[in-house]
Amino acid sequence: FNLAMRKSSRLITQFYQERLSKIGLKVGQFSILRAVKFKKETSNKELQSILVLDQTTLTRNLKPLIRDGYLTLSVHSEDGRQKIISLSPAGLDLYEEALPIWKAAQDELQQKIGPAETDNILALANVFVKTLGN
């Protein structure tokens, strides 16, 4: 079961990655930009929870986004040790450039597998989140 899910996950990641590579964005980076866009401001710990990532993977994906000026870090007003992550104007532009590519990939994948299987996959994903999520 684990192998089947991992293979499927890698194939789906490759599918999206091929499309996002046109603008130099990785799938994990898009997911971070999307999460930060919806949260407005967030912390590493909250992003880890939202994206179900370990700290090392999150840090690896955050570094180029911060380095290239797509995300900004500021000090939390109540806890100076905690950093707040938000989209910069360039990050918002990159997200808005990537979003139609992402949506087109979503549509293409749904067309390839069909609406019934799409619903089944989403339902199964929800079962995993409810059963295995924190």
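Quantities reported herein were computed from a predicted structural model and do not represent experimental measurements. These numbers come from the heavy atoms of this one structure, side chains and all, not from hydrogens, waters or symmetry mates.
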According to side-chain contact (heavy atoms from CB on, under 4.5 Å), who are the partners of [X], at least two apart in sequence or on a separate chain?
| X | answer |
| --- | --- |
| T13 | S9, V27 |
| A98 | L20, I23, L25, F30 |
| K45 | S43 |
| K7 | L3, R10 |

Can you list every salt bridge (charged side-chain N to carboxylate O under 4.0 Å, His left out) pair that touches [range], not counting sequence neighbours?
| range | answer |
| --- | --- |
| residues 62-74 | none |
| residues 23-37 | none |
| residues 93-106 | none |

In Å, rounded to the nearest 0.5 Å, how long is the span from [atom1] of [X] to [atom2] of [Y]?
| X | Y | atom1 | atom2 | value |
| --- | --- | --- | --- | --- |
| L51 | N61 | CG | CG | 9.0 Å |
| I85 | N44 | CD1 | CG | 4.0 Å |
| L94 | L87 | CG | CG | 9.0 Å |
| L62 | T59 | CG | OG1 | 6.0 Å |
| Y95 | S88 | OH | OG | 14.5 Å |
| E41 | K83 | CD | NZ | 14.0 Å |

Out of curiosity, does [Y] fall in the hydrophobic cluster containing [X] (side-chain heavy atoms, cut-off under 4.5 Å, transitive links)?
| X | Y | result |
| --- | --- | --- |
| M5 | I12 | no |
| V52 | V129 | no |
| L33 | F38 | yes |
| I84 | I50 | no |
| I113 | L11 | no |

With sequence neighbours left out, write down each residue that passes ring-ring contact (aromatic ring centres under 6.0 Å, His included) with F128, or none if nothing qualifies. F1
Under the side chain to side chain donor-acceptor pair (under 3.5 Å) definition, can you give me all pairs with a residue in residues 107-123, not counting sequence neighbours? R19-E108
For A90 and G69, the nearest pair of non-hydrogen atoms, with its separation, is CB-O, 3.9 Å
A105 and F15 have their tightest heavy-atom pair at O-CE2, 3.3 Å
According to ring-ring contact (aromatic ring centres under 6.0 Å, His included), does anything in residues 43-62 pair up with another residue at least two apart or in another chain? List the pairs. none
Can you list the residues that meet the salt bridge (charged side-chain N to carboxylate O under 4.0 Å, His left out) rule with E46, with sequence neighbours excluded? K39
Could you check V36 against L65 for side chain to side chain contact (heavy atoms under 4.5 Å, CB included), going step by step and ending with a plain yes or no? CA-CA 12 Å; V36 174; L65 294 170; over 6 Å; no
Who pairs with T72 by side-chain hydrogen bond (donor to acceptor under 3.5 Å, both in side chains), at least two apart in sequence or on another chain? S86
Is any side-chain heavy atom of Y70 closer than 4.5 Å to a side-chain heavy atom of L92? no
Flag, side chain of T57 to backbone of L53, donor-acceptor distance under 3.5 Å: no
